[in-house]
Engineer: 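Sending over a structure as structure tokens; questions will come in a sec.
None of these values were measured; they are calculated from a predicted model.
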Amino acid sequence: MKQLSSSNVSGITATTTTLLSSPYKLSKRGNSKSNNVKVMRNKKAGVHGNVAYYNVGGVYSGKPSFMMWTLHDVVNVMRYHRIPCVFAAGLLFFMYVEYTLRMVPDSSPPFDWGFIVTRSFHRALASWPELNTLLAALNTVFVLMQTIYIVWAWVIEGRPRATISALFMFTCRGILGYTTQLPLPQEVVGSGVDFPVGNVSFFLFFSGHVAGAVIASLDMRRMQRWKMAWLFDTLNVLQSLRLLATRGHYTIDLAVGVGAGILFDLLAGKYEQSKTTKGCTFYRGI
């Protein structure tokens with residue numbers, strides 16, 4: 001077994017301050033004469049005298065790196081990986097909340113923090129129909145803006161990614177919305193000019209309003225249309241507040257709508273890449 005210093009191994013960062021998993025990356029080029037490599041961890045990086053072993057074929061023969069951490073290593077992880085540490089603390093906190101929380105009885109309406117936060121806004125809309133109608137009309141205009149931009153990107157500019165993303169998103173939304181049909185909130189404030197127009201039935205989970213705006217905003221950022229993207233993001237936030245105030249969506253519908261917009265934009269990008277071949281672009285067939 002050959003022993004190498006961390007400076008002699010290409011592509012290896014021997015420190016837990018920058019990696020949370022095993023601190024050694026396998027080289028793509030293995031040495032057929034030596035199956036195992038022993039790497040000394042760098043003391044200057046805050047790791048004191050521990051040794052890790054791994055097999056160049058991809059099978060580790062030593063202990064996982066976190067089992068060899070010292071107190072200094074733990075401090076460095078908390079220093080350089082603050083976001084994962086915050087989420088770890090969140091995991092512990094919400095484990096406590098989940099196992100001590102009293103469930104909402106079936107005779108009561110669903111509990112939603114978004115409804116509590118927008119309670120005053122809800123009362124204003126319920127008592128002022130003209131304001132509710134105006135905001136509903138503006139919401140419908142914003143939905144049309146999303147639709148026009150997404151279709152424009154494909155038909156006029158020849159970039160189908162946003163359109164493909166929207167098709168993926170709305171199909172998945174339809175499947176999920178039909179599979180689990182959530183009850184409409186009891187205090188819903190409807191409007192005849194809202195979208196869907198005329199207070200017809202619609203899926204609550206997840207919000208197509210929010211997801212569509214996210215898809216359009218991401219496409220604008222790809223095209224470096226920063227002002228348009230920020231405008232859509234701002235309108236999306238205002239739209240979300242209105243949807244909560246009118247009880248047209250639960251908070252979870254809006255939060256998942258953001259994630260769905262990002263997810264299906266990524267999937268549409270992967271689809272484009274899969275259809276792009278050498279000498280023949282994907283757009284030729286669209």
Engineer: Using modelled atom types only, decide if a donor and an acceptor are shared between the side chain of T140 and the backbone of A136 within a distance under 3.5 Å.
Structural biologist: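 Looks like yes, one N/O pair under 3.5 Å.
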
Engineer: Is a side-chain donor or acceptor of S207 paired with a backbone partner of D253 at a separation under 3.5 angstrom?
Structural biologist: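 Such a contact is absent between S207 side chain and D253 backbone.
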
Engineer: Go through it in stages, so that I can follow the logic: the residues are K227 and W230, the test is side-chain contact (heavy atoms from CB on, under 4.5 Å), and I'd like the CA-CA distance, side-chain angles, deciding distance and then a yes or no.
Structural biologist: CA-CA 5 Å; K227 292 183 179 180; W230 282 112; 5.9 Å; no

Engineer: T171 side chain to F168 main-chain N or O, any donor-acceptor pair under 3.5 Å?
Structural biologist: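 No, the answer is negative, given that no donor and acceptor are paired below the 3.5 Å cut-off.
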
Engineer: Among all residues two or more places apart in sequence or in another chain, which pass the side chain to side chain contact (heavy atoms under 4.5 Å, CB included) test with V237?
Structural biologist: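 Scan of V237 (side chain to side chain contact (heavy atoms under 4.5 Å, CB included), adjacent residues dropped) gives none.
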
Engineer: Listed by chain and number, what are the side chain to side chain contact (heavy atoms under 4.5 Å, CB included) partners of F115, not counting sequence neighbours?
Structural biologist: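 Only D112, P185, L244, R247, Y250 meet the side chain to side chain contact (heavy atoms under 4.5 Å, CB included) criterion with F115.
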
Engineer: Do L218 and L266 share a hydrophobic cluster (ILVMFWY, side-chain heavy atoms under 4.5 Å, transitive)?
Structural biologist: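 Cluster IDs for L218 and L266 match.
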
Engineer: Kindly work out whether a path of hydrophobic side-chain contacts (I/L/V/M/F/W/Y, heavy atoms less than 4.5 Å apart) joins F264 to I262.
Structural biologist: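 F264 and I262: one cluster.
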
Engineer: Quick one: closest heavy-atom pair of I215 and G261, and the distance?
Structural biologist: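 Between these two residues, the closest heavy atoms are CG1-O, 3.7 Å.
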
Engineer: Please collect all side chain to side chain donor-acceptor pair (under 3.5 Å) contacts where either partner lies in residues 213-225, sequence neighbours excluded, each pair once.
Structural biologist: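 Qualifying pairs: Y149-D219, Y149-R225, E157-R225, R159-D219, S217-R221, S217-D233, D219-R222, R221-D233, R222-D265.
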
Engineer: Tell me whether T251 contacts the main-chain N or O of G114 through its side chain, where contact means a donor paired with an acceptor under 3.5 Å.
Structural biologist: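 Yes, because the side chain of T251 sits within donor-acceptor range (under 3.5 Å) of the backbone of G114.
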
Engineer: Quick one: does S165's side chain have a donor or acceptor within less than 3.5 Å of a partner on R161's backbone?
Structural biologist: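 Pair absent, no side-chain N/O of S165 close to backbone of R161.
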
Engineer: Return the minimal non-hydrogen interatomic distance between M78 and R82, and the atom names on each side.
Structural biologist: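 For M78 and R82, the tightest heavy-atom pair comes out as O-CG, 3.4 Å.
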
Engineer: How many angstroms lie between atom CG of N139 and atom CG of L243, to the nearest 0.5 angstrom?
Structural biologist: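 With rounding to 0.5 Å, CG (N139) is 5.5 Å from CG (L243).
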
Engineer: Quickly, which of H209, H249, Q239 forms a side chain to side chain contact (heavy atoms under 4.5 Å, CB included) with L254? Name it, please.
Structural biologist: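 The passing option is H249.
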
Engineer: Atom CH2 in W128, atom CG in L134: separation rounded to 0.5 Å?
Structural biologist: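 The CH2 atom of W128 sits 9.0 Å away from the CG atom of L134.
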
Engineer: Is there a path of hydrophobic side-chain contacts, each under 4.5 Å between heavy atoms of I, L, V, M, F, W or Y residues, that connects I252 with L184?
Structural biologist: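 I252 clusters together with L184.
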
Engineer: Is there a path of hydrophobic side-chain contacts, each under 4.5 Å between heavy atoms of I, L, V, M, F, W or Y residues, that connects L144 with M220?
Structural biologist: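 Unlinked, L144 and M220 end up in two clusters.
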
Engineer: Looking at W113, I'd like to know if its CH2 atom is crowded, meaning that more than 12 non-hydrogen atoms belonging to other residues, nucleotides or ligands lie closer than 6.0 Å.
Structural biologist: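 12 or below, so no.
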
Engineer: For atom CD1 of I83, is the number of surrounding heavy atoms from other residues, nucleotides or ligands below 6.0 Å larger than 12?
Structural biologist: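 Counting neighbours around CD1 of I83, 12 or fewer heavy atoms of other residues, nucleotides or ligands fall under 6.0 Å, so no.
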
Engineer: In Å, rounded to the nearest 0.5 Å, how long is the span from CZ of F205 to CD of Q181?
Structural biologist: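 Separation between the atoms: 14.0 Å.
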
Engineer: Same cluster for F121 and V189 if Ile/Leu/Val/Met/Phe/Trp/Tyr side chains link at under 4.5 Å?
Structural biologist: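 No, it is not one cluster - the side chains of F121 and V189 are not joined through contacts under 4.5 Å.
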
Engineer: In Å, rounded to the nearest 0.5 Å, how long is the span from OG1 of T246 to CG of D194?
Structural biologist: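 Those atoms lie 6.5 Å apart.
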
Engineer: Could you grab the distance from atom OG of S127 to atom NE2 of H122, nearest 0.5 Å is fine?
Structural biologist: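 It comes to 9.5 Å.
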
Engineer: Rounded at 0.5 Å granularity, tell me how far OG in S240 sits from CG in L235.
Structural biologist: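 That separation rounds to 10.5 Å.
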
Engineer: Other residues, nucleotides and ligands only: do more than 12 of their heavy atoms fall within 6.0 Å of CZ on F111?
Structural biologist: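 Yes, enclosed.
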
Engineer: For P129, is there any backbone N or O sitting under 3.5 Å from a side-chain donor or acceptor partner on T133?
Structural biologist: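 Yes, because the side chain of T133 sits within donor-acceptor range (under 3.5 Å) of the backbone of P129.
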
